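Heads up: the structure comes next, in C-alpha cells.
Since this is a predicted model, take the numbers as computed values, not measurements. Throughout, protein chains are lettered first and strands after them, A, B, ... in sequence-line order, and every chain is numbered starting at 1.
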Amino acid sequence: MAKIIVTSAWPYVNNVPHLGTLIGSLLSADFFARAMKLSGHDVIYVTGSDEHGTPIELEARKRGIEPRVLTDQIHEYDLKLFNEFNIEFSLYSRTESEVHKEFVKEMLMKIYNNGYIFEQTDILPYCPSDKMFLPDRYVEGTCPYCGYEHARGDQCDNCGRLLHPTELINPHCVLCGATPIFKETKHWFIDLRRLQGRLEEWLVNHKHMPDNVKKYSLSWLETGLKPRAVTRDIKWGIPAPFPGAKDKTIYVWFDALLGYVSATKEYLAMKTGNPDEWKKWWFDQETRTYFFIGKDNIPFHSIIFPAMLMASGDPYVLPYFISATEYLTFKGEQFSKSRGVGVWVDEALEIAPADYWRWVLARVRPEQRDMNFSWSEFYRIVNSELNDTIGNLVHRVLTLIYRKLGGKMPCKPKIDNEDEEMLETVREKAWSVVQKYEEVKIRAATEGILSIARIGNQYLNSTEPWKHVKSNKAKATSVLWIEANILHLIALTSWPIIPNASTRLWRMLGQKHEISEAQWSYIDRTPDKCVEIPQPEPLFNKLPEDFLERADQILDEAREKARLKRPPALKEYRVVG
RNA sequence: AGCGGGGUAGGGUAGCCUGGUAGCCCGCGGGGCUCAUAACCCCGAGGUCGGUGGUUCAAAUCCACCCCCCGCUACCA
C-alpha cells in the first residue's frame, strides 16, 4: 500500500470554472484519486481556491468591498458546485486559510535563510491615478517594432515581440487610461539559477514524468533559468516575511503552489490531531504525488514548485507524475468568459446530471491534443454510449433476471467452458482498465469500460438466454450469471468516472456491502449469489431527439437559471487582463 | 520569431517512443434478433495516415525541410 497525494491546480476564484478547467484539473484528479482508492492505496486528494493576486484585488476595489468578501462568496459557491459534481476531496481548502498563510511564510523564510533569495531594485510602471504598480499586462501602448496600438507591457500580440513596458510608445494604464510613470521599487527574487543543476538531474532521470511535461521543462532548462520575483506591490495577498519587505505581498504563484503542501498539512492535522503528520507524507521518498493541470501550467509545477521544495532544504518528495492536459475547446473556439463562449460548471448542471458530464468529459479529455466539445458529441456520447451500450445492457440483463429467474441472483450456477472463457475475457478487460487508470489514461479506461459492455451485449445475443429459459434453464441461468458478473465489472470499473450510476447499479445487483468499500481485487470475485434484486430501473435517460436543434436555446436557459443562483459577487463579474 | 504539442475514412479518435499488409466508435448500405431504453448483434462500403524529399528489404511510425492548428515565452493566473 502506497501513500498517494493527488492534487489539481487551484481554481482562481475570479469566476466559476468552465468545463475545460474542470476536466483539466479537478475532475481528472478525482477520476484518478478514486481509482487509486480502489487499489487500496492510502490516498489524499487536496486542492482549494486560489484567491490572491491583482485581478481579485482590482475587482474588489471596483466594488468598494474587501477582497476577502469577494473570495468568501466565490469559494463557497465553487465548493458547492464541486460537491454537486461529486468530486471527492479529502479537503478543499483556500489560500486564505491560516494554516496556508503560516506555511507559506515559514517556507519562504527557509528559502531565504538558505540564501536563495536576493533583493533587487527595479523600475516599474506605476499608475498615479490608481495609485498602484501595474503588472506588465495592465499597461498598453504602441509597439515600437510594428506599430500595433494595443501591445501589452510584456509582449506585442501582433508581432509577438517580447517587450519591456518602458519601450511602449504612449503607454497607458489599462484600468483608467492614465499615463503611467516609472518608479523604483524593491523586490525579492528567488535565484533559480542556483537550482538549475539539481532540477536538470532530477528531470533527466525521472522515470514517470510524461513526455510532454519532460520535454517542455528540459527546454526551459536548456535556455537557462532566471531569477524570479516572489514579491508584489499589492495589498491583497500573504505579507512577505522577509526583513525589510513590510509593504510587499507574496506573488500568487509562489503562494498557490505551496497550497499543495499546506492543504495536506491542514487536512492531516484535522484528521489526526498531529500538526506534523503531513511530514510523514511529504518527507517520505516513497510517497507518490500526482498533479493534474492544464498545459499552460507546466513550468510552474515541473520547475518552480520543485525548486521551492529543494531550496527549503527539507527532504521533500519531488513530483512523481504531472498530468498536463491540452485544451478543451467549445465549438472549435477557446472558452471565453467575456464573449460567453463555452459552458460553465453551474450551467452544465442545469443541463444534465453530474454523471453524464463526468462521463462525457472523460471521453473528450484532451490527453494528446486539443479536444473539441460540441453538442453533437455530447449527444452521441450520452445517448449512444451511456444509454445504448451501457444502460441498455444493464437493463436487459437485469430485466431477464428479474422476470425469468424470479428476481433472484442464481444460487448455484453451473458454468460450462464457454461461460468460463467469457468470464476470463471480461475479467482480463477489467484489469486492463485498472492498468489504464494507473497510467492516467482516462480515455483509454472509458474505452475499456465500453468494450466490456459491448462484449456483454454480444454474449447475450449469441447465447439467447430468453429462448433457453424454458428448454434449457441451466444454460440460461449460467449465461445470466455471467452477464451479472459483467455488470458487476462495469460497476467496479466505472465507479471512478460515474460514481452515482455505478452505485445504483451495484444496488440493483443486490450487493450487500457498499461499492465505495470495494477494491480492484473484487474483479476476480463474483457478485453475491442468491440475493434478491430490486425491480430494474433505467440507469440513464436519453437526451430528447430534438436536443441538437435546441442546444443553443437549452444553454441559454441553463445560463439564466445558473445566473440567478450565483452569489452577488459573480452576477456581473468582469476580469481585466 | 524561439520552444513544446498536434494534423490518420463523412465526423470523432487509437496506433507513432520500441518500423512489418491501418484499429475502434458514430454515421451510411445490407442482414439477424425480439430479452431490452426503436435498444442489441453480424456483414459490407469508405483511408495513397498534412506536403515534399531521404534512410530502409519495408515508413502513419525514423530523419530533413515546408504548410496549417493550439499553447508557452518567465509581471495574467
Q: Nearest whole angstrom, please: distance from the P of B/rC76 to the CD1 of A/Ile234.
A: 12 Å

Q: Go through the steps for A/Asp419 and A/Trp481 under the test side-chain contact (heavy atoms from CB on, under 4.5 Å), then give the verdict.
A: CA-CA 9 Å; A/Asp419 294 332; A/Trp481 172 243; over 6 Å; no

Q. Just wondering, do A/Arg152 and A/Val174 contact through their side chains at under 4.5 Å, heavy atoms?
A. no

Q: With RNA chain B as reference, determine whether A/Trp253 or A/Asn212 sits nearer its 5' end, using the nearest nucleotide of each.
A: A/Asn212

Q.
Is the distance from the ring center of A/Tyr327 to that of A/Phe335 below 6.0 Å?
A. no

Q. Which nucleotide sits closest to the side chain of A/Arg443: B/rA14, B/rC41, B/rC33?
A. B/rA14

Q. Expressed in angstrom and rounded to an integer, what is the separation of A/Lys186 atom NZ from B/rC75 atom P?
A. 20 Å

Q: Using a 4.0 Å heavy-atom cut-off across all strands, classify A/Ile381 as base, sugar-phosphate, or nothing.
A: nothing

**Q.** N or O in side chain of A/Arg363 less than 4.0 angstrom from B/rA14 OP1/OP2
**A.** no

Q) Hey, does A/Leu124 reach any base, or is it just sugar-phosphate, or nothing, if we go heavy atoms under 4.0 Å? A) base

Q) What does B/rA1 pair with, Watson-Crick or G-U, if both distances are under 3.5 Å? A) B/rU73

Q. Where the side chain of A/Arg454 is concerned, which of B/rC35, B/rC25, B/rA77 is the nearest nucleotide?
A. B/rC25

(Q) Give me the distance, rounded to whole Å, that separates B/rU21 from B/rA58 when you measure between the P atoms they each carry. (A) 15 Å

Q) Would a 4.5 Å heavy-atom cut-off, applied to side chains only, mark A/Tyr138 and A/Pro55 as touching? A) yes

Q.
Can you see whether A/Tyr251 engages A/His187 through a side-chain donor-acceptor pair at a distance of less than 3.5 angstrom?
A. no

Q) Within the structure shown, what part of the strands sits under 4.0 Å from A/Lys467 by heavy-atom distance: base, sugar-phosphate, or nothing? A) sugar-phosphate

Q.
Just to be sure I understand the rule, does A/Asp370 reach a base, reach only the sugar-phosphate, or reach nothing, if contact means heavy atoms closer than 4.0 Å?
A. sugar-phosphate

(Q) Taking the minimum atom-to-atom distance to the side chain of A/Phe540, which one of B/rA36, B/rG7, B/rU37 wins? (A) B/rU37

Q: Select base, sugar-phosphate, or nothing to describe what A/Gly224 touches, counting heavy atoms under 4.0 Å on all strands.
A: base

Q | Nearest-Å distance once atom C1' is located in both B/rC33 and B/rC25 | A | 22 Å

Q: Tell which nucleotide pairs with B/rG23, taking only Watson-Crick or G-U wobble pairs whose two distances are both under 3.5 angstrom.
A: B/rU13

Q. A/Phe300 near the nucleic acid: base, sugar-phosphate alone, or nothing, with a heavy-atom cut-off under 4.0 Å?
A. base

Q: Describe the nucleic acid contact of A/Leu225 in one word from base, sugar-phosphate, nothing, applying a heavy-atom distance below 4.0 Å.
A: base

Q) Between B/rC70 atom C1' and A/Leu328 atom CG, what is the distance in whole Å? A) 13 Å

Q. Looking at B/rC70, B/rC40, B/rA36, which one has an atom nearest to any side-chain atom of A/Lys295?
A. B/rC70

Q.
Going by purine N1 to pyrimidine N3 plus the second Watson-Crick contact, or the G-U wobble pair, all under 3.5 Å, which nucleotide sits opposite B/rA38?
A. none

Q | Whole angstrom value for the distance that separates P of B/rA77 from CZ of A/Phe305 | A | 19 Å

Q: Could you check whether A/Asp154 gets within reach of a base, just the sugar-phosphate, or nothing at all, counting any heavy atom under 4.0 Å?
A: sugar-phosphate

Q.
Between A/Thr185 and A/Lys248, is there a side-chain donor-acceptor contact under 3.5 Å, judged purely by atom types and distance?
A. yes

Q.
Would you say A/Gln458 places a side-chain N or O within less than 4.0 Å of OP1 or OP2 belonging to B/rC40?
A. no

Q: Counting heavy atoms from C-beta on, name the nucleotide in B/rU37, B/rA74, B/rA77 closest to the side chain of A/Tyr251.
A: B/rA77

Q: Please state whether the phosphate of B/rG4, meaning OP1 or OP2, lies under 4.0 angstrom from any side-chain nitrogen or oxygen of A/Lys214.
A: no

Q) Using the P atom in both, what is the distance from B/rA74 to B/rG12, to the nearest Å? A) 34 Å

Q) With a 4.0 Å cut-off on heavy atoms, is A/Lys215 in touch with a base, just the backbone sugar-phosphate, or nothing at all? A) sugar-phosphate

Q. What is the distance from CD1 of A/Ile293 to C1' of B/rA77, rounded to the nearest Å?
A. 13 Å

Q: Could you work out the separation of B/rU34 and B/rG46 based on their P atoms and round it to a whole Å?
A: 32 Å

(Q) Less than 3.5 Å apart, any donor N or O on the side chain of A/His52 or A/Glu96 sitting next to an acceptor on the other? (A) yes

Q: Would you sort out whether A/Lys295 and A/Glu326 count as a salt bridge (charged side-chain N to carboxylate O under 4.0 Å, His left out), showing the intermediate values?
A: CA-CA 5 Å; A/Lys295 63 174 161 183; A/Glu326 302 293 311; 2.9 Å; yes

Q | Interatomic distance at P, B/rC68 relative to B/rG51, whole Å | A | 15 Å

(Q) Using a 4.0 Å heavy-atom cut-off, does A/Ser376 contact any base of the nucleic acid, only the sugar-phosphate backbone, or nothing at all? (A) nothing

Q: Scan A/Asp211 against the nucleic acid and name what it touches under 4.0 Å (heavy atoms): base, sugar-phosphate only, or nothing.
A: nothing

Q | Nearest to side-chain heavy atoms of A/Arg380, which nucleotide of B/rC33, B/rC35, B/rC26 | A | B/rC26

Q.
Base of B/rC40, side chain of A/Asn461 - is there a donor-acceptor contact under 3.5 Å?
A. yes

(Q) Under 4.0 Å, heavy atoms only, any strand: does A/Asp255 hit a base, just the sugar-phosphate, or nothing? (A) nothing

Q) What nucleotide, of B/rC35, B/rC75, B/rC26, holds the atom closest to the side chain of A/Arg137? A) B/rC75

(Q) Can you tell me which nucleotide in B/rA77, B/rA39, B/rC33 comes closest to the side chain of A/Val252? (A) B/rA77

Q) Quick check: are there more than 12 heavy atoms from other residues, nucleotides or ligands sitting under 6.0 Å from CD of A/Glu537? A) no

Q: Report the base-pairing partner of B/rC65 (Watson-Crick or G-U wobble, both distances below 3.5 angstrom), or none.
A: B/rG51

Q: Taking only the side-chain nitrogens and oxygens of A/Gln368, find out if one of them lies under 4.0 Å from OP1 or OP2 of B/rU13.
A: no

Q: Quote, to the nearest angstrom, the P distance that separates B/rA60 from B/rU48.
A: 12 Å

Q: Assign each of A/Pro538 and A/Glu447 to its nearest nucleotide of RNA chain B by heavy atoms, then name whichever residue's nucleotide is nearer the 5' end.
A: A/Glu447

Q: Give the nucleotide from the list B/rG4, B/rU37, B/rA77 with an atom nearest to the side chain of A/Tyr12.
A: B/rA77

Q. What is the distance, rounded to the nearest whole Å, between atom CH2 of A/Trp236 and atom P of B/rC75?
A. 22 Å

Q) What distance, rounded to whole Å, do you find between the two P atoms, one in B/rU61 and one in B/rG6? A) 13 Å

Q) What interatomic distance, in whole Å, is found between C1' of B/rG47 and the corresponding atom of B/rG10? A) 12 Å

Q.
On the nucleotide B/rA39, are OP1 or OP2 found under 4.0 Å from the side-chain N or O atoms that A/Lys542 carries?
A. yes

Q: Compare the minimum distances between each of B/rC25, B/rC70, B/rG4 and the side chain of A/Tyr327, then state the nucleotide with the smallest one.
A: B/rC70

Q: Taking only the side-chain nitrogens and oxygens of A/Arg228, find out if one of them lies under 4.0 Å from OP1 or OP2 of B/rC75.
A: yes

Q.
B/rC25, OP1 or OP2 - any side-chain N/O from A/Thr389 closer than 4.0 Å?
A. no

Q. With sugar-phosphate meaning primed atoms plus P, OP1 and OP2, does A/Trp220 contact a base, only sugar-phosphate, or nothing at under 4.0 Å between heavy atoms?
A. base

Q.
Whether the A/Asn387 and A/Tyr356 side chains hold a donor-acceptor pair (N or O, under 3.5 Å, no angle test) is what I'd like checked.
A. no

